[in-house]
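The structure appears below as structure tokens.
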Amino acid sequence: QVQLVESGGGLVQAGGSLRLPCVASLRTFSSYTMGWFRQAPGKEREFVAAITGSGGRTVYSDSWKGRFTISRDNAKNTVYLQMTSLKPEDTAVYFCAAPRIGRYSTNLNDYDYWGQGTQVTVSS
């Protein structure tokens with residue numbers, strides 16, 4: 001059974017930073033694109049960033065480009081989301097996810113495996 005486990009969320013002041021790790025139990029982790037999504041209160045889940053299996057290619061939603069960085073450590077089966085210059089509107093539950101093997105997508109409907117999410121709250 002595939003498990004994705006996010007951590008690192010919490011309460012942070014505006015302007016601060018957080019790094020969210022996500023550990024995946026995928027057997028061939030380096031073969032999977034990994035993505036980060038977020039869901040703010042009362043809103044739909046939306047794409048934040050994705051990274052290819054090798055880590056050689058990344059893509060970001062324009063909303064967070066320049067402030068958020070996705071990376072991965074295939075030796076640790078872990079993908080990270082580094083968030084900087086946080087704003088109150090960044091408050092949301094952040095999810096990591098993986099699409100089926102070999103697929104590269106920014107569409108949440110293409111993602112088959114999801115973590116339980118980690119809450120990030122940014123105070124003003």
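Only this structure's heavy atoms are used, side chains among them; waters, hydrogens and symmetry mates stay out.
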When the side chains of residues 42-49 are checked against the rest of the protein, which donor-acceptor pairs come out under 3.5 Å, sequence neighbours left out?
residue, atom, partner, partner atom, Å
Arg45, NE, Gln39, OE1, 3.3
Arg45, NH2, Gln39, OE1, 3.4
Glu46, OE2, Arg38, NE, 3.0

Between CD on residue Glu89 and OG1 on residue Thr91, distance to nearest 0.5 Å: 8.5 Å
Side chains of Phe95 and Leu4 in contact at under 4.5 Å (non-hydrogen atoms): no
Nearest atoms (heavy-atom pairs only) where Met34 meets Ile70: O-CD1, 3.8 Å
Closest heavy-atom pair and its distance - Thr52, Thr33: CA-OG1, 3.8 Å
Close side-chain approach of Trp64 to Met83, heavy-atom, < 4.5 Å: no
Report, one line per pair, each donor and acceptor closer than 3.5 Å where one atom sits in a side chain of residues 8-17; sequence neighbours left out.
none

Would you tabulate the side-chain donor-acceptor contacts of residues 96-105 under 3.5 Å, counting partners in other chains and residues two or more places apart, or write 'none'?
residue, atom, partner, partner atom, Å
Ser105, OG, Asn107, N, 2.9
Ser105, OG, Asp110, OD2, 2.6

Nearest heavy-atom neighbours spanning Phe37 and Leu108: CE2-CB, 3.4 Å
Nearest-0.5 Å distance that lies between atom OH in Tyr94 and atom CG in Leu18: 9.0 Å
Aromatic centroids of Phe68 and Trp36 separated by under 6.0 Å: no
Ion pair check, Asp90 and Lys87, cut-off under 4.0 Å: no
Non-hydrogen side-chain atoms of Leu20 and Val120 separated by less than 4.5 Å: yes
Interatomic distance, Arg19 atom CZ to Thr84 atom OG1 [nearest 0.5 angstrom]: 13.5 Å
From Thr69, Ile51, Thr106, residue fulfilling side chain to side chain contact (heavy atoms under 4.5 Å, CB included) relative to Tyr60: Thr69
